[in-house]
Amino acid sequence: MKIQLLTICLFFMLSCARRIPEEGYLINIENANHESTLFYSSIFGQGKTIILEENEESLIGMINKMQVYKDTIFILDKHIAKCILLFKDDGKFIRKIGKIGNGPGECVSISDFTIDSNKNELYILDYYKQSILKFSISSGEFISSINIWNNKGSLVGELAFSNGSLYADANFVYNSSKDNFLLQKINQITGECFEFYYSVEDNKGWENADMALLSPFYFTGKRFLFSGIFMNRVIDISKEIPSTYLVFESRKFIDSKKLNELKSSDEIILDLMKTNNDYHLNTFIEYGNYLHFQYTQGNSIKFVILNINTNETILYNNIQNDYIFSTDKSSFYFPQLGYATKDGIYFYYNTRSLSDLIFALEKGIISKDIDKYNELLKLSEDSNPILFYYRFKE
């Protein structure tokens, strides 16, 4: 209780962000108040465990992306199942959508998906073909496909459907020009890329979005944001015209000079991890009056909470799931963020990290009070990923 009260009090201590008309929130991280650990119990109520049904059709090699729409969980497995798998929010398997092949309704290489909530349709992106396949969510039936085309030389690797529009990133692998851009709209009928936003010059000249480890699109629970690697400006694409949502200021944020030095490296991310530069804003979540996000500094992750009413900010070095692990075991494998909703967040342990979860269960590190504890004891390293859902506190 003392920790929770302390965390709440700290939200109101020090102002380090201000609202700028037409320019979103400006956060100067140098002025943030510092705290060691952010505890789940200060944000969430008790969570529930979701064990995904396992049969011959529903086996998952890895969760590469997940999205929740109505009462259905959509999971992309690029490498083993090579399709989108649908589960009820209690873990019961519904169906697969998408097949590998060259026929109608088939993909060569699935790189992403998004959901058209207006038409109740699933859009699957075939990166190799640069095409989008549309499926009915209700029946799983293939509807049509469109070929993505523009005359500016960019490839599309990620999608987001927001406010009636279909957005995509822009990856310029072969074409280097100051006229290159970061974000584009795609006509959902013709596949034409017809609106373009934010020059690569706004991102220190970086134009190869495809090398990023995370998608640049984030649903916060309230809106879709766009934030590519090396960007210190976060874009709100939930409005009719994309606009700045947040600007991040830091003396350590990577600059154009440093980035140009690293461009020739074959292991740019590994090289960045050896520095103390800030270089990637990601994982944005909105709940109540707060905005949570993370950023990468060298080889570490920093956690930030902004009170959007008071414009006050706290910077945390660690985040602790004290509902699952005891507080002195914070170094154990942290679950990955799956998807944020307006009411809570889905987290997951991927198949490759189940061994950590099993070890913690065997050593009694995990609380016996968590939901479905006895079922978790039956896990094996070949089980489907395990999901946890936490509702925000009122």
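All residue numbers refer to positions in the sequence shown, counting from 1.
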- Expected output: side-chain Asp236 to main-chain Leu225 donor-acceptor under 3.5 Å: no
- Note on the structure: All heavy atoms of Cys83 vs all of Ile97, minimum pair found to be CB-O, 3.5 Å
- Query: Can you say whether the rings of Phe181 and Phe196 are parallel (under 30°), tilted (30 to 60°) or perpendicular (over 60°)?
  - Reply: tilted
- Message: Let me check something: do Ile358 and Phe347 share a hydrophobic cluster, defined by ILVMFWY side-chain heavy atoms less than 4.5 Å apart, either directly or through other members?
- Response: yes
- Message: Side chains of Asn203 and Asn232, heavy atoms from C-beta outward: is any pair under 4.5 Å?
- Response: no
- Report whether Leu59 and Leu387 are members of the same hydrophobic cluster (ILVMFWY, side-chain heavy atoms less than 4.5 Å apart, transitive linking). no
- Grab the two heavy atoms, one from Leu133 and one from Ser145, that are nearest each other, plus how far apart they are. CG-CB, 4.1 Å
- Query: Is the gap between the ring centers of Tyr389 and Tyr346 under 6.0 Å?
  - Reply: yes
- Task: Show your working on salt bridge (charged side-chain N to carboxylate O under 4.0 Å, His left out) between Lys88 and Asp71 and close with a plain yes or no.
- Result: CA-CA 6 Å; Lys88 299 292 287 185; Asp71 60 351; 2.7 Å; yes
- Can you name the one residue among Gln297, Lys252, Arg251 that meets side chain to side chain donor-acceptor pair (under 3.5 Å) with Asp278? Gln297
- Could you pull out the closest heavy-atom pair between Asp169 and Glu158, with the gap in Å? OD1-N, 3.1 Å
- Message: Let me check something: do Phe74 and Leu166 share a hydrophobic cluster, defined by ILVMFWY side-chain heavy atoms less than 4.5 Å apart, either directly or through other members?
- Response: no
- How about Tyr25 and Tyr245: are their ring centroids closer than 6.0 Å? yes
- Query: Under the 3.5 angstrom rule, does the side chain of Asn55 hit a backbone N or O of Ser58 as a donor-acceptor pair?
  - Reply: yes
- Are Leu379 and Ile366 linked, directly or through other ILVMFWY residues, by side chains that come within less than 4.5 angstrom of each other? yes
- Heavy-atom nearest pair, Leu52 first then Ile60, reads CD1-CD1, 3.8 Å
- Task: Measure from NZ or CZ of Lys65 to the centre of the six-membered ring of Phe113 and say whether it is under 6.0 Å with the direction within 45° of the ring axis.
- Result: yes
- Query: Below 4.5 Å, heavy atoms only, C-beta onward: do Val68 and Asp89 meet side chain to side chain?
  - Reply: no
- Just wondering, more than 12 heavy atoms not from Ile189 lying within 6.0 Å of its CD1? no
- Note on the structure: Shortest non-hydrogen pair, Phe253 vs Met231, comes out as CZ-O, 3.5 Å
- Message: Could you check whether Phe44 and Phe392 have their ring centres less than 6.0 Å apart?
- Response: yes
- Task: Would you kindly say whether Tyr197 and Glu195 are connected by a side-chain donor-acceptor distance under 3.5 Å?
- Result: yes
- Kindly say whether the aromatic ring centers of Phe388 and Tyr348 come within a distance under 6.0 Å. no
- If you group Ile, Leu, Val, Met, Phe, Trp and Tyr by side-chain heavy-atom gaps below 4.5 Å, do Phe135 and Leu125 land in one group? no
- For Leu182 and Val200, work out which heavy atoms get closest and say how close. CD2-CG1, 3.8 Å
- Between Tyr339 and the options Phe219, Tyr69, Tyr390, the ring-ring contact (aromatic ring centres under 6.0 Å, His included) test singles out Phe219
- Does the ring of Tyr316 carry Lys302 above it, NZ/CZ under 6.0 angstrom from centre and within 45° of its axis? no
- Please say whether more than 12 non-hydrogen atoms of neighbouring residues, nucleotides or ligands are located less than 6.0 Å from CD in Glu53. yes
- Would Phe217 and Phe224 count as a close aromatic pair, with their ring centres under 6.0 Å? no
- Message: Under a plain distance cut-off of 3.5 Å, with no hydrogens placed, do Asn120 and Ser138 share a side-chain donor-acceptor pair?
- Response: yes
- Would one find more than 12 heavy atoms of other residues, nucleotides or ligands at under 6.0 Å from atom NZ of Lys134? yes
